[in-house]
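Worksheet for the structure shown next.
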Amino acid sequence: MKQQLGKLGLREYISIAILMVGAKATEDTPIHLFSKVQNASWMIPILSAGIFFIPLFLLLKTMTLFQDKDLFSVIQKLLGKYLGFMVCLLIFLISSYAISFDTRSYANIIRTFYFTTTPNLIIYALLMVVCTYGARKGIQHIGSVAYLVIYLSVFSLWFALVLCTQKSTFQAIFPIWGPGKLEILKQSSQKLTLFADFFLFTMLIPFLTSIKQYKKGTWFAFVYVSLQISVAILIYICLFDVGMDGLAYPFHTAIRFISIGSFLPNVEIIFFVTWLMSAFIRFTAFLYLNSLMFGHLFKIKDFEYVIPSLATIYLLIGSIPEAAVNASTEFKALSLNISGPAFAAISIILWLAALLKGEFKREKNRNSM
Amino acid sequence: MKKRIVKTLFKKFNTEPQFQEQSNTKDIERKKQDISSNYDQNIQTFKSMFSVPKNTDIKVREFTIRALNRRAFIIFISTMVDVQRIQESIVEPLLENELTTGKIRDIVSFPIESTATIIGEITEFITGGMTALFIDGDNQCHLFETTNIPGRSIEKSDNEVIVKGAKEAFNERVIDNIALLRKKIKNENLIVESQVISKRSRNDVFLVYQKDLANDELLQTIIDKLTSLDTDRILDLSILEQYLEERPWSLFPTILYTERPDRAASFIEEGHIVILMSNSPSCLILPATFWSLMHSPEDHYLRVPYGNFIRLLRLLAFIVAVFSSSFYIAITNYHVGMIPPDLLMAFAGTRERVPFPSIIEIFMMELAFELIREAGLRVPSPIGPTIGIVGALILGQAAVQANIISPIVIIVIALSGLSSFIISDLSMNFAVRITRLLLILSAGFLGVYGLTAFCMAILFYLVSIKSFGTPYFAPMTPHFFSSKDLIVRHLPIKERFRPGYLKPKDMVKQRKE
């Protein structure tokens, strides 16, 4: 029954990366940014991309030393058996925490905007069931589906953003530095979490044809996604101005504002569908990554079988917060502030370990030989 | 692990029933033997094997060959041979020739002649329409290919109609079918390999491919699969299709079934493998992708803009056929705000006096539409037009007037029904119709969210389907090198590559100068 799986193609990988990270512009992340730095929050994605570039660059450099090895193997090789295991476990726990409350916040969005009378559990469970089914199919197939929906999803996002500009005022971005330059810098170093997924993507290196391909895809997606999130937030600010503070999910409020001509006043369903598609891809890939990590941690070869159990656990953890507000402001804010800096620190530690162990020199010698 | 336990339990409780069967080991043993040189023994053997006086169309004719002055008999099935030719070119020369060369080949004027000695083999040839000649004292049997099986002549394609391009279709005679392919591909590398696949009926299939294109590994998998079939009969290609498929329960087809030789030829030229079978007016093309099931040969016969126009039209029809009813359910039940107010008023006005919920309405009409469709197909052609009138009149007009169905539902169903006819592949057509019903249920369950969730699940399923190792959406994703003949097609001059997922031996159709 087990089918021979091929490699993950470059375009499939880029699609997953864009859908997974780019989706952050369409949930409650912009609000978390806005609450701290107000109308300068559109700068945060670009600045934190700039900051995250350094650890990511170092991480990829370290990963290149170990051709076609995934993140966890490299960590265990560089940091030793016990310390390595602890670090891997930490990464797994952080990302498990993140997926639990990210999925919950998506279920909340669906409920608050479109299915106000449906029990949250039903919406949440359906989300997890589909993601589980997809994740069981393997990363190659997730990539294929991601590639099939990426054009539609990206196009409709930009279309919605363009429609938003009709009703927005550009002056809303002033004062341009918002609460002050120092605060922006502080926040952008804290909100590295925007790009934390790129750290996790290094788990996928063995699935790609070569690390060169992987790097190419990563940098492309990295640049594109930081621009996309930044532009999206800029447009929300222009559309809502200070009103952003009272919103929970700006993208969904925005698509309620817009209309195509005067005949179609409410087009949010069209954008809702494409947004949902990318949401499914996002959590399917995230779930797969988590189970990949789990399998690696506890030496489970056929880790696909643990996906349903993991999904159930995440569903239960995600159901802990009673209200949608709690999930977003308390639980999710924590992961938003922690995971990015933590992953960046781990990347730098890995690079340092490799440097101190002389792996780079060894590589040079190997090349010169 | 769990699966294994369930399987063993299942086996325990579901044992093969025991029957009182008659053993035929004696027959099987006899078939393995050689024929003897004794005339009487031979005639005895074959008469008993073919139950001669009882089996009316088995003819045995005894005579003396004048040239050799020996007794001989021929045996053939009169309904499957050309009796006139046997008389003229086999029996008459044998009776009248006086030369004493001693060689049958020199006496008989029949063009194709071969010899065999094993009883089983000879029996197979005779049942295939050959004439066997046994001579007293000779320990081998002479076989003449006198087959003449009645059948249809080559006719126009009925099920895959196109306006521009070749019209002829395969028929039930496999010899004709092979000839149709041969006349399109005049190349010595076109191989027609035959293989017997079933034990009792001994149906044979023909694998047709280009030796210098088709991937050997793919060919070997198909041949292995064919040899591994352990069954007593496979009467038709469409049954063989079900034996070959990886997932026989899947809603979506993974083998392309066509009755058009031009289509088969174009696939052979790309490195695909075609399976023909006697008595089946069609061929199987493997492997098949989603795109090949969606395309029609006419896309390529028409000029590029027109071909792309109908291709986009077909894509639109596919989307409409799959989603229109379920989208209607989702919008009217869950997302009423999306409809512009004027339109909403119109909808509500027509639904005012209809007592059913809209999902029941849609299901009733879907069922009615499927009934009309099936009835129209099965009804004898003289009364065919009546069905259309009755269907249109009763279901359209009367149902609306009786306030059972709202007119808007009729529009939705008619639109999706009409669109589903545009997908010409029969299996794909069924897949679309059944998927539509499932989507209606999911839309009724949770509106657009349910619909999208179910669609994503279907997409995940579809990308994981494989047809003989080829992913369903190849070469789009996963990416393979190809001439990009997917959603739109390009100029024939630009289509320079064979599809990469087949790993053909020769990738480039025409090299750049």
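Proteins come first, then strands; the chains are lettered A, B, ... in the order of their sequence lines, and each starts at number 1.
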Contact class of Thr284(A) relative to chain B, heavy atoms under 4.5 angstrom: side chain
Determine the minimum heavy-atom distance between Arg11(A) and Met476(B), stating which atoms define it. NH1-O, 3.9 Å
Does Ile142(A) form a side chain to side chain contact (heavy atoms under 4.5 Å, CB included) with Val463(B)? I'd like the steps, not just the answer. CA-CA 8 Å; Ile142(A) 300 172; Val463(B) 294; over 6 Å; no
Would Thr452(B) and Thr274(A) count as a side chain to side chain contact (heavy atoms under 4.5 Å, CB included) if you check the C-alpha gap in whole Å, the side-chain angles of each, and the deciding distance to 0.1 Å? CA-CA 9 Å; Thr452(B) 317; Thr274(A) 54; over 6 Å; no
Are Tyr461(B) and Lys137(A) close enough, and set up right, to give a side chain to side chain contact (heavy atoms under 4.5 Å, CB included), and what steps lead you there? CA-CA 8 Å; Tyr461(B) 173 70; Lys137(A) 294 279 176 196; 4.2 Å; yes
For Leu8(A), is it the side chain, the backbone, both or neither that has a heavy atom under 4.5 Å from a heavy atom of chain B? neither
Might you confirm whether atom CZ of Phe318(B) has over 12 heavy atoms from other residues, nucleotides or ligands at distances under 6.0 Å? yes
I'd like to know whether CZ of Phe480(B) has more than 12 heavy-atom contacts from other residues, nucleotides or ligands below 6.0 angstrom. yes
NZ (Lys215(A)) with more than 12 external heavy atoms under 6.0 Å: yes
To the closest 0.5 Å, what do you measure between CD1 (Ile122(A)) and CG (Leu446(B))? 7.0 Å
Neighbour count above 12 (heavy atom, 6.0 Å) for Lys212(A) NZ: no
Tell me whether the rings of Tyr449(B) and Phe115(A) are parallel (<30°), tilted (30 to 60°) or perpendicular (>60°). tilted
Highest number of heavy-atom pairs under 4.5 Å with chain B: which of Ser144(A), Gly134(A), Gly9(A)? Ser144(A)
Given heavy-atom pairs under 4.5 angstrom as the criterion, report whether the side chain, backbone, both or neither of Ile110(A) touches chain B. side chain
Check the surroundings of atom CZ in Phe481(B): do more than 12 heavy atoms from other residues, nucleotides or ligands lie under 6.0 Å from it? no
Atom NZ of residue position Lys494(B) - does it have more than 12 heavy atoms of other residues, nucleotides or ligands inside 6.0 Å? no
Using atom types as modelled, flag every donor-acceptor pair under 3.5 Å from a side chain in residues 330-339 of chain B to any protein atom, sequence neighbours excluded.
from      : atom 1 : to        : atom 2 : distance (Å)
Thr332(B) : OG1    : Tyr328(B) : O      : 2.7
Thr332(B) : OG1    : Ile329(B) : O      : 3.4
Asn333(B) : OD1    : Ser358(B) : OG     : 3.2
Tyr334(B) : OH     : Gly444(B) : O      : 2.8
Tyr334(B) : OH     : Phe445(B) : O      : 2.9
His335(B) : NE2    : Val448(B) : N      : 3.1

If you measure from SG on Cys455(B) to CZ on Phe280(A), what distance do you get to the nearest 0.5 Å? 10.0 Å
Looking only at Leu126(A), Val130(A), Ile270(A), Val273(A), most heavy-atom pairs under 4.5 Å shared with chain B are made by Leu126(A)
Could you tell me if the side chain of His479(B) sits less than 4.5 Å from the side chain of Leu10(A), heavy atoms only? no
Heavy-atom cut-off 4.5 Å, strictly under: side chain, backbone, both or neither for Val129(A) against chain B? neither
